[in-house]
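The residues of the chain are indexed from 1 along the displayed sequence.
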Amino acid sequence: MASSQQVRSAPAPDAVPDYDVIIIGAGISGLYQLLKLRELGLRARVYEAGTGVGGTWYWNRYPGARFDSESYSYGFSFSQELLDEWDWSEHFSPQPETERYLNFVADKFDLRRDIQFSARVAAARFDAAARAWTVTLESGESATGRFVVTAVGPLSAPTYPRIEGRDSYQGEAYHTGLWPKHKVTFEGKRVGVIGTGATGVQAIQEIAKTAGHLTVFQRRPNWCTPLHNRPIDSAEMREIRKGYPELFERCRETAACFIHTVDPRGTFEVSDEEREAFYEHLYASPGFGIWQGNFRDMLTDRAANALASKFVARKIRERVKDPKVAEMLIPKDHGFGTRRVPQETRYYEVYNQPNVELVSILETPIERITPKGVKTSEREYEFDLLVYATGFDAITGSLDRIDIVGEDGVKLKDKWRSEGLTTFVGVMIEKFPNLFMDVGPHTALGNIPRSIEYNVEWVADLIGHAHKSGHTYVAARPEAVKEWTEFVAMKGEGLLTNEVDSWMTGVNLNVDGKEKRILARYSGTAPEYRAWCDDVAARGYEELRFD
């Protein structure tokens, strides 16, 4: 390994790279990818920007952070020993427990010896003559790898709002995606929260419990539904453990790898009474059932979506005492489920508290951050503490922040911006040989760990195939990229979700060049995705060029 004071030049054509594979990121996908590559006898190295493992669950330690997928459907399924040894304490695990779980995994499989922490990757450049990548850290240290796997996740590049004066603020200020390890207290403090997306919703309902006064700045409200979390006792955990085989098989069969799946009935195929009872049942059930288990036409038929939206709007009005505040919390620019639905625990009741104020920045825009707080077009608010719950540069953002340069000097960020987002099965990119993405754009998202396990295993099999065959060059053929990208576009046709500005359609008004919607994600079912990828492997990877 080169020292941190030395930048390695590209290897000679006959040089052996430092590693067979370099993995970027030690979150859920990076840990499992390392384990699978080790099983193949390959020399792998993981670079991780944080000081510990966990990825999302290392960085997002803000108050209230927790799963919105059932804990037992979210953990790894590949090891029976791991399933036997780990007990979940809640149906929807809080961040500290999830971070402990991923540390337990790292220790159980002795993964840390191949992970370099506090090592943020700044650049990765492909050398065509050497058929290897040179990966450079922000420290200046670099190493070479035959293959590179990005395990950076779709939601790992936090963004701040474009508001003048942010650096002038003199109080405490934190981003939910970059929350400090030290304890942050809100008791008796004047707190401002900017943002009411999923992280904002989770943080707001916790901060409101102790804050002296909480002011929430909302640009666009989201449709939120109850999480219905509860503890898991030892007897229930034993039953869950017995049912793991059936549970993971169900996750394989469902459209988005959740334990919930689309109801086969249409909204208008049942009576008004049956429909209302079904909505009530879903609203009272834990987790994503009301989003992922609703009528089959809810996300394709405007009239069907309008009925579901009307039901959830009525629930919000029932829970918020002030009619004006309730209307502020009901989305008017998108239908229910067309953006990812935040799960909450008494979130709406927060706005009934005398110490909580909701401010619409559509009505009174934020003009600037001041040394003392926030100035809107109406007045200045003074705070002891500011929280930016302003989300992430999603899906492509974590890749954009690395200077990735492929063949002929093509920069990945420039390629996607000038030519549009194209991939091969969301794992490979034309002009970027020997580079693979775990859970990249155009892969099946949904319940992320279930998608991760499949992606990781597929990538490991492909790298193993190349290594065993003596191939040092693996590239996606242009016609294969075109075919897959067209399939992604076809699967997105008719979906109301693709008519809405959200991170799922690649829109982030805080990032240059991301003001317009793109097909940022694959909208088909997970079984369809796996069938396509399995077929590619079964036919000997004909869509790829080996050398």
Checklist entry - Salt bridge check: are Glu499 and Arg302 linked by an N-O gap of less than 4.0 Å? => result yes
Checklist entry - If you draw a 6.0 Å radius around NZ in Lys321, do more than 12 non-hydrogen atoms from other residues or ligands fall strictly inside? => result no
Checklist entry - Do the ring planes of Tyr347 and Tyr351 sit parallel (below 30°), tilted (30 to 60°) or perpendicular (above 60°)? => result perpendicular
Checklist entry - Counting only heavy atoms not in Glu318, do more than 12 fall under 6.0 Å of its CD? => result yes
Checklist entry - Between Leu399 and Ile395, what is the shortest heavy-atom contact and its length? => result CD1-O, 4.4 Å
Checklist entry - How far apart are the C-alpha atoms of Thr225 and Gln343, what are their side-chain angles, what is the distance that settles it, and do they pass the side-chain contact (heavy atoms from CB on, under 4.5 Å) test? => result CA-CA 5 Å; Thr225 53; Gln343 300 282 278; 2.8 Å; yes
Next on the checklist: Tell me if the centroids of the rings in Phe288 and Phe258 come within less than 6.0 Å of each other.
Outcome noted: yes
Item to check | Residue pair Thr505, Asn498: steps toward the side-chain hydrogen bond (donor to acceptor under 3.5 Å, both in side chains) verdict | outcome: CA-CA 6 Å; Thr505 53; Asn498 289 332; over 6 Å; no
Item to check | Test item: Asn60 and Glu99 side chains (from C-beta on) under 4.5 Å apart, heavy atoms | outcome: no
Item to check | Residue list, salt bridge (charged side-chain N to carboxylate O under 4.0 Å, His left out) with Arg417, at least two apart or on another chain | outcome: none
Next on the checklist: Regarding Asp400 and Lys514, does a basic nitrogen lie under 4.0 Å from an acidic carboxylate oxygen?
Outcome noted: yes
Checklist entry - Excluding sequence neighbours, so at least two apart, what forms salt bridge (charged side-chain N to carboxylate O under 4.0 Å, His left out) with Arg517? => result Asp501
Item to check | CZ/Arg314: more than 12 non-hydrogen atoms of other groups inside 6.0 Å | outcome: yes
Next on the checklist: Are there over 12 heavy-atom neighbours, none belonging to Lys181, within less than 6.0 Å of that residue's NZ?
Outcome noted: yes
Checklist entry - Is there a side-chain contact (heavy atoms from CB on, under 4.5 Å) between Ile194 and Thr390 once you walk through the steps? => result CA-CA 7 Å; Ile194 300 175; Thr390 47; 4.1 Å; yes
Next on the checklist: For Cys257 versus Arg530, what's the shortest heavy-atom pair and its separation?
Outcome noted: SG-NH1, 4.0 Å
Next on the checklist: Does the plane of the ring in Phe104 sit parallel, tilted or perpendicular to the ring in Trp86? Use 30° and 60° as the thresholds.
Outcome noted: tilted
Next on the checklist: Parallel, tilted or perpendicular: which one describes the rings of Phe186 and Trp179, with boundaries at 30° and 60°?
Outcome noted: tilted
Checklist entry - Do you know which two heavy atoms are closest between Pro342 and Val201, and how far apart they sit? => result CB-CG2, 4.2 Å
Item to check | side-chain hydrogen bond (donor to acceptor under 3.5 Å, both in side chains) between Tyr32 and Asn455, worked out | outcome: CA-CA 10 Å; Tyr32 189 39; Asn455 254 186; over 6 Å; no
Checklist entry - Taking C-beta and beyond as the side chain, do Gln218 and Val359 meet within less than 4.5 Å on heavy atoms? => result no
Item to check | His91 to Tyr72 - nearest heavy-atom pair and separation | outcome: ND1-OH, 2.7 Å
Checklist entry - Salt bridge between Arg241 and Glu236, side-chain N to carboxylate O under 4.0 Å? => result no
Checklist entry - Is any side-chain heavy atom of Ser89 closer than 4.5 Å to a side-chain heavy atom of Pro231? => result no
Checklist entry - Below 4.5 Å, heavy atoms only, C-beta onward: do Asn294 and Asp263 meet side chain to side chain? => result no
Next on the checklist: Before we go on, tell me: are the rings of Trp532 and Phe424 under 6.0 Å apart, centre to centre?
Outcome noted: no
Item to check | Quiz item: cation-pi between Arg450 and Tyr454, 6.0 Å / 45° | outcome: no
Checklist entry - For the rings on Phe295 and Phe278, is their centre-to-centre separation under 6.0 Å? => result yes
Next on the checklist: Would you say Thr267 and Asp297 are linked by a side-chain donor-acceptor pair, where the criterion is simply a distance under 3.5 Å?
Outcome noted: yes
Next on the checklist: Is there a side-chain contact (heavy atoms from CB on, under 4.5 Å) between Val191 and Asp384? Walk through the geometry before answering.
Outcome noted: CA-CA 6 Å; Val191 182; Asp384 302 304; over 6 Å; no
Checklist entry - Does NZ or CZ of Lys491 fall inside the cone over Tyr522's six-membered ring, less than 6.0 Å from its centre and within 45° of the axis? => result no
Next on the checklist: Consider salt bridge (Lys or Arg N to Asp or Glu O under 4.0 Å). Of Glu344, Glu90, Glu97, Glu206, which one does Arg66 pass it with?
Outcome noted: Glu90
Item to check | Cation-pi check, Arg166 onto Tyr160 ring (under 6.0 Å, within 45° of axis) | outcome: yes
Checklist entry - Do other residues, nucleotides or ligands put more than 12 heavy atoms under 6.0 Å from the CD atom of Glu85? => result yes
Next on the checklist: Would you say that Trp223 contacts Ile316 through its side chain, given a criterion of any heavy-atom pair below 4.5 Å between the two side chains?
Outcome noted: yes
Item to check | Ring centers of Tyr101, Trp88 separated by less than 6.0 Å | outcome: yes
Item to check | Residues Leu247, Ile259; criterion side-chain contact (heavy atoms from CB on, under 4.5 Å); working and verdict | outcome: CA-CA 7 Å; Leu247 181 142; Ile259 62 173; 4.2 Å; yes
Checklist entry - Do you know which two heavy atoms are closest between Thr98 and Ser93, and how far apart they sit? => result OG1-OG, 2.9 Å
Checklist entry - Should Ser77 and Glu453 be marked as a side-chain hydrogen bond (donor to acceptor under 3.5 Å, both in side chains) after you check the CA-CA gap, both sets of side-chain angles, and the distance that decides it? => result CA-CA 8 Å; Ser77 68; Glu453 283 191 331; 2.5 Å; yes
Checklist entry - Is Arg275 salt-bridged to Glu269, going by a charged N under 4.0 Å from an acidic O? => result no
Checklist entry - Are Trp57 and Phe67 near enough that their ring centres are under 6.0 Å apart? => result yes
Checklist entry - Think Arg317 forms a cation-pi with Tyr348, using NZ or CZ under 6.0 Å from the six-ring centre and within 45 degrees of its axis? => result no
Checklist entry - Minimum heavy-atom separation for Leu227 to Asp68, with atom names? => result CD1-CA, 4.3 Å
Checklist entry - How about Tyr174 and Tyr62: are their ring centres within less than 6.0 Å of each other? => result no
Checklist entry - For Arg162, does the CZ atom have more than 12 heavy-atom neighbours from other residues, nucleotides or ligands under 6.0 Å away? => result yes
Next on the checklist: Closer than 4.0 angstrom, basic N to acidic O: yes or no for Glu486 and Lys482?
Outcome noted: yes
Next on the checklist: Apply side-chain hydrogen bond (donor to acceptor under 3.5 Å, both in side chains) to residues Glu70 and His260 and explain how you reach the verdict.
Outcome noted: CA-CA 10 Å; Glu70 286 75 4; His260 318 279; 3.1 Å; yes
Next on the checklist: Counting C-beta onward and ignoring hydrogens, is there a side-chain heavy-atom pair between Leu299 and Asn305 closer than 4.5 Å?
Outcome noted: yes
Checklist entry - Could Glu172 and Arg190 be called an ion pair, given the rule that one side-chain N must be under 4.0 Å from one carboxylate O? => result no
Next on the checklist: What I'd like to find out is whether the side chain of Trp59 reaches to under 4.5 Å of the side chain of Pro158, using heavy atoms alone.
Outcome noted: no
Checklist entry - Just by distance, do the side chain of His442 and the backbone of Leu519 share a donor-acceptor pair under 3.5 Å? => result yes
Checklist entry - With under 30° as parallel and over 60° as perpendicular, where do the rings of Tyr279 and Phe311 fit, or are they tilted in between? => result tilted
Checklist entry - Counting only N and O atoms by type, is there a donor-acceptor contact under 3.5 Å from the side chain of Arg61 to the main-chain atoms of Tyr58? => result yes
Next on the checklist: I'd like to know if Arg265 and Glu274 make a salt bridge, using a cut-off of under 4.0 Å between side-chain N and carboxylate O.
Outcome noted: no
Next on the checklist: Does any part of the side chain of Arg401, heavy atoms only, come nearer than 4.5 Å to the side chain of Val152, both counted from C-beta?
Outcome noted: no
Checklist entry - Between Lys324 and Glu327, does at least one N-O distance fall below 4.0 Å, as a salt bridge requires? => result no
